[in-house]
Each structure stands twice: as structure tokens, then as C-alpha cells.
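Right, one structure below, let's go through it.
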Amino acid sequence: MHLALVLLSFITLAPFVWMLLTSFKTFEESVQMPPDILPQAWNLINYRIVLNKFPFAMFYWNTFAMMGMTVAVQLVVCSMAGYAFARLQFPGKEFLFTLCLALLMVPGQIFLVPHYDIMVRLKLTNSITALWLPKIFSAFGTFMLRQFFQGLPKSLDEAAMIDGSGFFGIYARILLPLVKPALISLAILTALSAFKDLMWPLIVNNAMDKMTLSAGLAMLIGEHTTIYPQVMAGSALAVWPMILLFLMFQKHFVEGIALTGIK
Amino acid sequence: MKSRARNQLRRGEILAGYSMIAPLYIGLIVFYLFAFGQNIYDSLTNKSSFGVPDFVGLANYIKMFKAPYFYQALQNTLMYVVICVPLVVVFSVLVAVLLNVGVRGTGAYRTLSFLPAVTLPAAIALMWKWLLNYEFGLINALLNAFGISSIAWLSDPQVVLFAVSMVFVWSSVSYQVIVLLAGLQGISSNYYEAARIDGAGRVQQFFSITLPLLSPSIFFVMVTSIINVFQIFDIIYLIIPQYSSGTAASRSLATFFFEEAFIKFQKGYGAAIAVALFVVIMVVTLAQMWFQKKWVHYDE
């Protein structure tokens, strides 16, 4: 059992370890065959070169600003709609909700050419707004939060209604705090998928200082680079923030991801 | 009097309902419904980067159905599904079961094995591009050490599809393990105790309790894997150089779409490819829904 666990950890970790080790090597060391495991000296030259060649500070800022906006706006939009679908009666509700669910099944590529045109028309290409704007209207988020609102006892609404709360007040002051765990999970899932996305950032922003980490890495390899110590240094710079966040909030990450599997 | 108050409340509820779904629906209409229709329309035009597109009828579709590249991309995509989905399902079940056994240090092992799930796919692609490098990669160095000659993982047309699949499986097992672990923890230990009393061994417990009770989660893993593999893009795009000997042999429908629409800027043609991808995924999704009823066991 332990052997299997050690083997599993090795297979998982080896690519990360090799990335880090390579990032400290000189070019000559990296192309030596058979390779030495450890670098001769732990020099940071590759990191310095990559940081000079590429605006990593902008990559970080663009990525996290995009993630922050996607999460914040999506939570507001989807929790309001989720509450309305779970708790309020209005004509056409079933139809509108089914339509929302149907969108869950449509692959994203079919929207990308039109999304790009919308961004061109709004003069938003090469902006952070372009990165998050199409991502905030989430059918999945609405569906998930609706399930959670439905799980809360209806007597809460009735009590609040007697106390003179309106529908918006019930949503904002009574029910929203109670679905906080679901909001955190959705926030993590949304942040993670926004962080990982490559195709849309590549399409909509081609100015280097408006790129995300994902698209920035594509540039790193696109420059006909075969200097792998630099490529690995760039990769290491791109992966650590999310790994750090994960190590800090592992419980929430795991709960969030596990939640997607609940039917 | 009372009924008028109730009417007013009812009107308020309807108004609140519409206004609270309004932000979502404005977005869904603009970015999804309108965009969907626009994409269909674009696929009937010769839209490119400049100029006003002309309506060309089904020309893009005819071009697509005549293009050997399209069939190869379709075939590659189906190959990715056939190779990756079973491997992801089998490995993630095995790893989840392994991590669910309460050995000392399981927590640390779990943390480690979750890392690929939070790593940028772009970085994963670059890490593996280096590991699989023909001349200087670690994997060929290891093969050489065992007397096996180097393999051109990323340029040999016979091999690239398997290399990409391997990286895909490595990168996505971790996420699915998290989903399955939650499923495993939902299985009551009573089942296992009863099985032990009846004298069932570990292997028998796995097949007669774990697998059937985990089937909803396994189904979920299968469905999401299928959808993800049908849209496989990041790894291929970053690991296989453009215009190289491995390009055609590894190209998926999603990379084909991206190349035509956003590298060659043949947006009308790209839109038609997106429609093809949509149709393929819809057919598969509907087939799955039908198939689900046959084998997934939902606990009452």
C-alpha cells in the first residue's frame, strides 16, 4: 500500500521537481546527456532573464484582476438568479430555467468568434474587462446556487416576510449568509477555471502587457525558445501562486471541486 | 381588502423574480443566445479579419467536408476520447481508493496528488514538453539508461497522439480523484462491515460494494472527461509546434477551430468547424443520457 502511494507521489511530483531543478541550471547543463539531477550551482539567472524579457508583474496583475472580477460579478449575478429560480414564482420560470440548463451542454468554442466580435465592437480587445466579461454569466453557477437555496427551510422567508422584509431583503440579508459555503465553493471553482483558461485570453488580448499567465506562457514557448531552463523558470513563476493558495485553503478547494460531482 | 394585499404581494414577487434574473438573462441572451445565432450565421459567410463578409451559403461546410484535415482532426479527437477517457476513469478510481485507505500520512499524499488539479495547463504542457524532448528530455534519458533508444514523442506522427494523451491523463486524474474521494466518503461503512461478516475479501468488496455505490460519481467523471477530451486544446497547442511533423497527427477539432478562426483568421470557416464540434458533442451528450439509465446505480 505504501509502495503504491510512494509511486503515485513520484509520478505526480517528478515533473514539478524536474521543472524546478532545470530552472536553476545553465543552458549547457540542461543539454548534457545523460543529465545530472542537480544543478551545479543554484543560480537565479534564468529567472532574472525571464523576468526581464516578459512583463510578469503585468501577467500576475491581469490574471488576478480577471479572476477577482469574474468571481465577484458572477457570484452576484448567479446568486440573485439562483434565489429567484429557487424561491419566487413568476410566469415562464420553468422555461427560462430549462433554457439556462440547456446552455450547460453547449461547448464554448461555438461562442468564441461572436464573443471576439462583441469585444471588437465594444472596443474592449486588449483589456482586462474583455478577459472576464463573457465569463460571468454562468449557467452552472446559477444551477448550483439554486440547489442550495432550495435546501433552506421555507419558514425563514415567511418569518422575514412577517417582519416586513421584501424579496430582495430576504435574499440579501437572510438567505445569502446561509449559503456562504456554496458561494465559497463556487468562487474557487470559478477562479480556478478562469486561471486555467488559455484559448480566450489568447484570442482577445494580443498585447503583451494585457496577457494572463496562461497566455504569457504560450508566448514564452512561441518565441522559438529552446532554452529550457528559461522556459522552466517561466513555468515555475506561473504555477506557484495557485499552488500556494491551494495549500492555504486546501479544505475549501477540495470541497468546491467535490461539489461539482454532486448531481 | 385582503385579496388586494395578496395581489400586490404577488405582483411584487413577479417583479422581483424578473428583476433578479435580469442581469443573468441579459448576459445569456447577448453572450450565448445571440452569439450562438451569430456563429451559425458567420458559418454561412466568408468572414475574415477585414472587410464586410459575404454570404456564401454552405460553402464553408462543403469545404470542411472535403478537407482531409477535418476528418483527421475528427478522427484524432475520437482517438483522444477512446484512449484518455478509460485511462482517466480507471486511474482516478484506483488512486481515489488508494487515498481513501487510512494509512498514516494519507493527508500528505492527498495534498501531493491534488497538485496537478491546481496547476496551469499551459505550465503542465511546458513541463512535459521538456520531459519529452527528443534529444535532452529526461524520459528519453531514462529509456536510454535501460538500453531503449530515444522516442520522438512530439514529432513522430505515430507517437504524438499517445504522448499528448499521456500528458492529458496525468493532468486530469488529479481533479477527478477529488470528486471520487467525496463519493467514496459518502459510502456508509455499514456496507463494508456487513460484507466482512459475510466473509468477503478486499477485492470482492471493491467490486460488489465500492464500484456499484460509486457509480454515480464514476459516471460524472466519465461524462466530464468525455466533454473535456472532446474540447482538448491547451496541451496540444503548447506541446506540439505549429507546422511540425507532429501537427496534423495530433490536431483535435478544438485546435483545428482555433487555427482556422484565430491564426489564419478564416472566421467563417472556423465558425463552421465550431458548429461541427457542437453537433458531435450534442450527439455524445444525448447518447450518454440514454446510456446512464442502463448502468448507474443511484442510492435511494
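Chain naming here is simple, since letters A, B, ... match the order of the sequence lines and numbering starts at 1 in each.
- When side chains are defined from C-beta on, A:I203 counts as touching B:F258, because their heavy atoms get closer than 4.5 Å.
- Proximity to chain A (any heavy atom under 4.5 Å) is restricted, for B:M282, to the side chain, taken from C-beta onward.
- Both the backbone and the side chain of A:S30 come within contact range of chain B, each with at least one heavy atom under 4.5 Å from a heavy atom of that chain.
- A:Y228 and B:F136 have their aromatic ring centers separated by at least 6.0 angstrom.
- The contact between B:A261 and chain A is made entirely by side chain atoms (from C-beta outward), counting heavy-atom distances below 4.5 Å.
- The CE atom of A:M19 lies 10.5 Å from the CG atom of B:L131; values are rounded to the nearest 0.5 Å.
- Closest non-hydrogen pair, B:L24 versus A:A81, comes out as CD2-CB, 3.6 Å.
- B:Q176 does not touch chain A: none of its heavy atoms, backbone or side chain, sits under 4.5 Å away.
- Ranked by non-hydrogen atom pairs under 4.5 Å with chain A, the options B:A182, B:P116, B:S19 are led by B:P116.
- Within a 6.0 Å radius of CZ in B:R202, no more than 12 heavy atoms belonging to other residues, nucleotides or ligands are found.
- Side-chain contact between B:I178 and A:F253 is absent, with no heavy-atom pair separated by less than 4.5 Å.
- Between B:F262 and A:L202, every side-chain heavy-atom pair lies at or beyond the 4.5 Å cut-off.
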Please tabulate, for side-chain N and O atoms in residues 3-10 of chain A, each donor-acceptor pair with protein atoms closer than 3.5 Å (sequence neighbours left out).
| unit_1 | atom_1 | unit_2 | atom_2 | d |
| --- | --- | --- | --- | --- |
| A:S9 | OG | A:L5 | O | 2.8 |

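- Of all the listed residues (A:C78, A:P91, A:A84), the one sharing the greatest number of non-hydrogen pairs under 4.5 Å with chain B is A:P91.
- Of the two parts of B:F34, only the side chain, counted from C-beta on, holds a non-hydrogen atom closer than 4.5 Å to a non-hydrogen atom of chain A.
- When all heavy atoms are compared, the tightest approach of A:Q109 to B:A274 is O-CB, 3.9 Å.
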- Walk me through it: do A:F111 and B:Y32 pass the test ring-ring contact (aromatic ring centres under 6.0 Å, His included)? CA-CA 7 Å; A:F111 307 116; B:Y32 292 88; 4.8 Å; yes
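- Within the 4.5 Å cutoff, the side chain of B:F36 has no heavy atoms near those of the A:P114 side chain.
- Across all non-hydrogen atoms, the minimal contact from B:I281 to A:P107 is CD1-CB, 3.6 Å.
- Residues meeting the side chain to side chain contact (heavy atoms under 4.5 Å, CB included) test with B:N60, sequence neighbours left out: B:V56, B:Y269, B:A272.
- When heavy atoms are compared at a cutoff of 4.5 Å, A:Q250 approaches chain B solely by way of its side chain, counted from C-beta outward.
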- Tell me, with the steps shown, if B:I21 and A:M80 meet side chain to side chain contact (heavy atoms under 4.5 Å, CB included). CA-CA 7 Å; B:I21 66 166; A:M80 279 202 309; over 6 Å; no
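- When every heavy atom of B:A254 is checked against every heavy atom of A:M199, the shortest pair comes out as O-CE, 3.9 Å.
- Taking the six-membered ring for Trp and the full ring otherwise, the centers of B:Y18 and A:F90 sit less than 6.0 Å from each other.
- For a residue to count as touching a neighbouring chain, one of its non-hydrogen atoms must lie under 4.5 Å from one of that chain's; by this rule B:Y237 touches chain A with the side chain only.
- Within the 4.5 Å cutoff, no side-chain heavy atoms of A:M105 are placed close to those of B:F278.
- A distance of 6.0 Å separates CD1 in B:I124 from CZ in A:F16, rounded to the nearest 0.5 Å.
- A:M33 CE: more than 12 foreign heavy atoms inside a 6.0 Å radius.
- Contact annotation for B:V275: both backbone and side-chain heavy atoms come within less than 4.5 Å of a heavy atom of chain A.
- No more than 12 heavy-atom neighbours from other residues, nucleotides or ligands sit within 6.0 angstrom of CD on B:Q8.
- Annotation: side chain of B:L138 is not in contact with side chain of A:T22 (no heavy-atom distance under 4.5 Å).
- Contact of A:F246 with chain B is made through the side chain alone, with heavy-atom distances under 4.5 Å.
- Both the backbone and the side chain of B:V118 come within contact range of chain A, with heavy atoms under 4.5 Å apart.
- Only the side chain of B:F233 comes within contact range of chain A, with at least one heavy atom under 4.5 Å from a heavy atom of that chain.
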- Before giving the answer on side chain to side chain contact (heavy atoms under 4.5 Å, CB included), spell out for B:L112 and A:T12 the whole-Å C-alpha distance, their side-chain angles and the decisive distance to 0.1 Å. CA-CA 7 Å; B:L112 290 182; A:T12 312; 5.5 Å; no
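- In this structure, the side chains of B:L33 and A:L99 come closer than 4.5 Å at one or more pairs of heavy atoms.
- Proximity to chain A (any heavy atom under 4.5 Å) is restricted, for B:Y25, to the side chain, taken from C-beta onward.
- Residue A:P34 does not touch chain B at all, counting heavy-atom pairs closer than 4.5 Å.
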- Given the rule in the side chain to side chain contact (heavy atoms under 4.5 Å, CB included) test, do B:L120 and A:M242 qualify, once you have shown the distances and angles that lead to the verdict? CA-CA 8 Å; B:L120 219 50; A:M242 195 47 105; over 6 Å; no
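- To the nearest 0.5 Å, atoms OH (A:Y116) and CZ (B:F265) are separated by 6.0 Å.
- A donor-acceptor contact shorter than 3.5 Å is absent between the side chain of A:R87 and the backbone of B:G17.
- Using a 4.5 Å cut-off between heavy atoms, B:T119 touches chain A through backbone and side chain atoms alike.
- Only the side chain of A:V239 comes within contact range of chain B, judged by heavy atoms closer than 4.5 Å.
- Ranked by heavy-atom pairs under 4.5 Å with chain B, the first of A:L96, A:I136, A:L213, A:L245 is A:L96.
- Listed for the B:E13 side chain is a donor-acceptor partner under 3.5 Å among the backbone atoms of A:Q89.
- Contact annotation for A:L13: only side-chain heavy atoms (C-beta onward) come within less than 4.5 Å of a heavy atom of chain B.
- By the 4.0 Å N-to-carboxylate-O rule, A:D117 lies close enough to B:K47 to be salt-bridged with it.
- Distance alone, capped at 3.5 Å, is enough to place a donor-acceptor pair between the A:H115 side chain and the B:F31 backbone.
- The candidate from B:Q38, B:R110, B:Q231, B:K267 with the greatest count of non-hydrogen atom pairs under 4.5 Å with chain A is B:Q231.
- Looking only at side-chain heavy atoms (C-beta outward), B:L28 and A:C100 come within less than 4.5 Å of each other.
- Both the backbone and the side chain of B:V30 come within contact range of chain A, each with at least one heavy atom under 4.5 Å from a heavy atom of that chain.
- In this structure a side-chain-to-backbone donor-acceptor pair under 3.5 Å is present from B:W170 to A:I11.
- Only the side chain of B:D42 comes within contact range of chain A, with heavy atoms under 4.5 Å apart.
- Only the side chain of A:Y171 has a heavy atom closer than 4.5 Å to any heavy atom of chain B.
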